[in-house]
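Here's the structure, in structure tokens; my notes come after.
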Amino acid sequence: MTRKTFTLFDPALIRPAVADAFKKLDPRVQWRNPVMFVVYTGSIITTILFFQALGGSGEAPAGFILAIALWLWFTVLFANFAEALAEGRSKAQAASLRSLKKQTWAKKLEEPRFGGKWHPIESSDLRRGDVVLVTAQDVIPADGEVIEGVASVDESAITGESAPVIRESGGDFSAVTGGTRVLSDWIVVRITANPGETFVDRMIAMVEGARRQKTPNEIALTILLVALTIVFLGVTVTLLPYSMYSVDVAKAGSPITVTVLIALLVCLIPTTIAGLLSAIGVAGMSRMMEANVIATSGRAVEAAGDVDVLLLDKTGTITLGNRHASAFVPAPGVKEGDLADAAQLASLADETPEGRSIVVLAKHRFNLRERDLQSLGAHFVHFSAQTRMSGVDLPLAVQEQMVVGGSHTPARVRQLRKGAAEAIRKHVESLGGSFPAQVQATVDDVARRGSTPLVVADGLKVLGLIELKDIVKGGIKERFAELRRMGIKTVMVTGDNRLTAAAIAAEAGVDDFLAEATPEQKLALIRQHQAEGRLVAMTGDGTNDAPALAQADVAVAMNSGTQAAKEAGNMVDLDSNPTKLIEVVETGKQMLMTRGSLTTFSIANDVAKYFAIIPAAFVTTYPQLSALNVMHLASPNSAILSAVIFNALIIIFLIPLALKGVPYKPLGAAVLLRRNLLVYGVGGVVVPFIGIKLIDLLLSGAGLV
Ligand SMILES: Nc1ncnc2c1ncn2[C@@H]1O[C@H](COP(=O)(O)OP(=O)(O)OP(=O)(O)O)[C@@H](O)[C@H]1O
Ligand SMILES: [K+]
Ligand SMILES: [Mg+2]
């Protein structure tokens, strides 16, 4: 089963949207959009005036008031429909996600390790911290972190991608999502989310818009629109006594009617953008979802449109990420076998993919397990991004039992370490040893190839190095070039050494790189860019990327990454594709441009309508104004009604643009702005003249006015 997608005007979406448009006539809903609330109030007043006219005491012919009232109701309904249609698509996406949340049985382990006793439990009864066993064909009962084992997992239900993925303990591929299925082997999973708080739950809440709050930009625009509305409200309201006074003084003409004043007001206030604003926002989120990106904040979608710098980590983001040991290169005078032995011992408890691949390359020289060593009093030193080393401390007794190579350490504990060359250099020097120049030369050779050298030390003696190979993802260079054309600078940040980083940076075509970066330095780099007023996007997958992800304005976590990374980000890319940011940025830019273009269009429109409606509205009061009737509309009433009809229909016509977005081309902000101002500003002035004239011709041709 995969997620369903919907076309823009899917009949399955139109029908419920029409029903929702009527449901949204509830004043409590209308109140949330102040501009449309004015139209809503106008509809109610003109409806009352119509009934008054039916009773014989109307201010204008009943038919005219009815026509205005009906078209004002349509205006409100059309705006409601636009919003309902956008929400409908999100709701449909949410419904297909909800089908992932099936109740399943889980095997809850009494002890958090493989082989222990388990009992069946319903997935809804699992809590954060519980440990479960998941075997072939089982559905993973909830979100969690693999703590033991390796399995192939079918994540197609969430990602739509049919190829199975590997999930394993340690490293950056340890997160599993509830609702996906284990295809082969087994894993022991520690549950990381309580029911109702899982990844799928968050996705559903988000796409349903339940937690969609107005973004700062939307709030600013709403304030502007409300201010315009208040100005026009003041203008129109004062027109009434003014008109009455003029009639009184001139003893000629008749005062303007309330119906015409309301029509005038509605035409002048920015109803087009006000009616489409929330649809534009909701549609932006849906488009992200269609790109397989789950945004957990509307603000992030918006920020994506303005990103200046993109930071990416190297392993797993720019490269495939399954760095595996490919060769042992011993130091002069060291046997390759001794290096392999030490490397294997130093990796027995190393659950990272790197560590496991070292054990594999050492061809299982010892038939030892982590637990065997532990029972002999060995102390494991786990890898951390700060120390950039891992290894084991073996008591001499253990070592004698195993009779491995001569002891190089006079101490009672044998310290085996492997790690980044610089880290090992510091480590051996602190013990009084030295780092052989020849090893340094090999380190540089390996690094220049883009591989990661891991140096192995036994006490203060450097034994040689392990080459970890990784591959740059295909097609990434072209995509980075595209980002450059969009005006976005790409920076690779990695914990790896300078030479490896430089080699990979050149191969991938990033603009800049930062090597030997600790998590703190990654964070500091983001803060520095932000302090210079730039909006920073970050793409990462590892636990050590989490602080940086939390700081970035747009933080895209790879779905394949760790739970920590996913929680720190404000978007998750289900395809785990680092260049997805291109689509994310395009969608964000598209949303900002659509909002800007429609605002320009809406306000330009209102100016044009002003010329159509003002002469008509006041011709009863000031007959001389008929000279201003440049459009030669059939009659004053026809002019006013045509303007109101145009004002309503334009909302319907612009729904596709609001939902699909203004097409984005990587042209640079200034060019785009100029072009859009021209198209939507000039277009906004011209279109109403043509539209209103056409409607007027139709109405008068049909003898309706
Ligand atoms: N299991 C390990 N044992 C010892 N040292 C390791 C291990 N894994 C990595 N290292 C060393 O630590 C360095 C930093 O690795 P790490 O995976 O933390 O990088 P990072 O900051 O996540 O950057 P990126 O993911 O972009 O490569 C590596 O370049 C390597 O030299
Ligand atoms: K308007
Ligand atoms: Mg990493």
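Order of listing sets the numbers, starting from 1, for every ligand and every atom in it. Numbering of residues begins at 1 and proceeds along the displayed sequence.
Between the side chains of Ser169 and Glu148, not a single donor N or O lies within less than 3.5 Å of an accepting N or O. Under 3.5 Å, the side chains of Thr271 and Asn647 contain a donor-acceptor pair of N or O atoms.
Counting heavy-atom neighbours within 6.0 Å of Ile471 CD1, excluding the residue itself, gives a total of 12 or less. Counting heavy-atom neighbours within 6.0 Å of Glu520 CD, excluding the residue itself, gives a total above 12.
A distance-only check finds a donor-acceptor pair linking the side chain of Thr490 to the backbone of Asp511 [under 3.5 Å]. At least one donor-acceptor pair under 3.5 Å links the side chain of Gln521 to the backbone N or O of Thr518. A donor-acceptor pair is defined here as one N or O able to donate and one able to accept, closer than 3.5 Å; no such pair exists between the side chain of Ser174 and the backbone of Gly170.
The list of salt bridge (charged side-chain N to carboxylate O under 4.0 Å, His left out) pairs with a residue in residues 557-568, not counting sequence neighbours, is empty.
Each of the atoms 26 (O) of ligand 1 lies under 4.0 Å from some heavy atom of Val493. Applying the 4.0 Å criterion to heavy atoms of Leu454 picks out, from ligand 1, the atoms 5 (N), 6 (C), 10 (N), 11 (C), 30 (C), 31 (O). Of all atoms in ligand 1, listed by their number and element, those nearer than 4.0 Å to a heavy atom of Asp350 are 1 (N), 2 (C), 3 (N). Remark: ligand 1 atoms within the under-4.0 Å shell around heavy atoms of Thr315 are 24 (P), 25 (O), 26 (O), 27 (O). Near Gly419, the atoms of ligand 1 lying under 4.0 angstrom from a non-hydrogen atom of the residue are 4 (C), 5 (N). Close contacts between ligand 1 and Thr352 involve ligand atoms 1 (N) [criterion: under 4.0 Å to a heavy atom].
Geometry about the K ion (ligand 2) gives an angle of 160° between OG1 of Thr271 and O of Cys267, rounded in steps of 10 degrees.
Within the 4.0 Å heavy-atom criterion, both parts of Asp496, backbone and side chain, lie near ligand 1. Residue contacts with ligand 1, taken as heavy atom pairs separated by less than 4.0 Å, involve Arg323 solely via side-chain atoms from C-beta onward.
Between Thr452 and ligand 1, no N or O atom pair is found at a separation short of 3.5 Å. Considering both main-chain and side-chain atoms, Asn497 never comes within under 3.5 Å of ligand 1 through any nitrogen or oxygen pair. An N or O contact shorter than 3.5 Å is missing between Asp545 and ligand 1 by distance. At least one N or O atom of Gly495 sits closer than 3.5 Å to an N or O atom of ligand 1. In terms of polar-atom proximity, defined here as any N/O pair under 3.5 Å, Glu354 makes no such contact with ligand 1.
The residues Glu429 and Lys426 are annotated as not salt-bridged, no charged nitrogen and carboxylate oxygen being separated by less than 4.0 angstrom.
By the 4.0 Å heavy-atom criterion, Met492 is excluded from the residues contacting ligand 1. Ligand 1 is never approached by Ile318 to a heavy-atom distance shorter than 4.0 Å.
Selection from Ser390, Ala421, Gly540 by nearest heavy atom to atom 4 (C) of ligand 1 gives Ser390. Comparing Ala447, Ala548, Ala420, Ser357 against atom 31 (O) of ligand 1, the shortest heavy-atom distance belongs to Ala420.
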Notebook entry, point to check: Going through the distances and angles, do Phe513 and Ile318 end up as a side chain to side chain contact (heavy atoms under 4.5 Å, CB included)?
Noted result: CA-CA 12 Å; Phe513 68 89; Ile318 291 178; over 6 Å; no
Notebook entry, point to check: Asp393 and Arg417: salt bridge (charged side-chain N to carboxylate O under 4.0 Å, His left out), yes or no, with the steps?
Noted result: CA-CA 9 Å; Asp393 290 344; Arg417 292 290 182 277; 3.0 Å; yes
Check: Does the pair Asn33 and Ser278 meet the rule for a side chain to side chain donor-acceptor pair (under 3.5 Å), with working shown?
Finding: CA-CA 9 Å; Asn33 186 337; Ser278 94; over 6 Å; no
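Phe646 places a side-chain heavy atom less than 4.5 Å from the side chain of Val687.
Taking 3.4 Å as the threshold, Ile269 counts as a candidate ligand of the K ion (ligand 2), since one of its N, O or S atoms lies below it. At least one N, O or S atom of Asn647 sits under 3.4 Å from the K ion (ligand 2). When distances to the K ion (ligand 2) are checked against a cut-off of 3.4 Å, Val266 contributes an N, O or S atom below that limit.
No other N/O/S atom of Asp606 lies as close to the K ion (ligand 2) as OD1 does.
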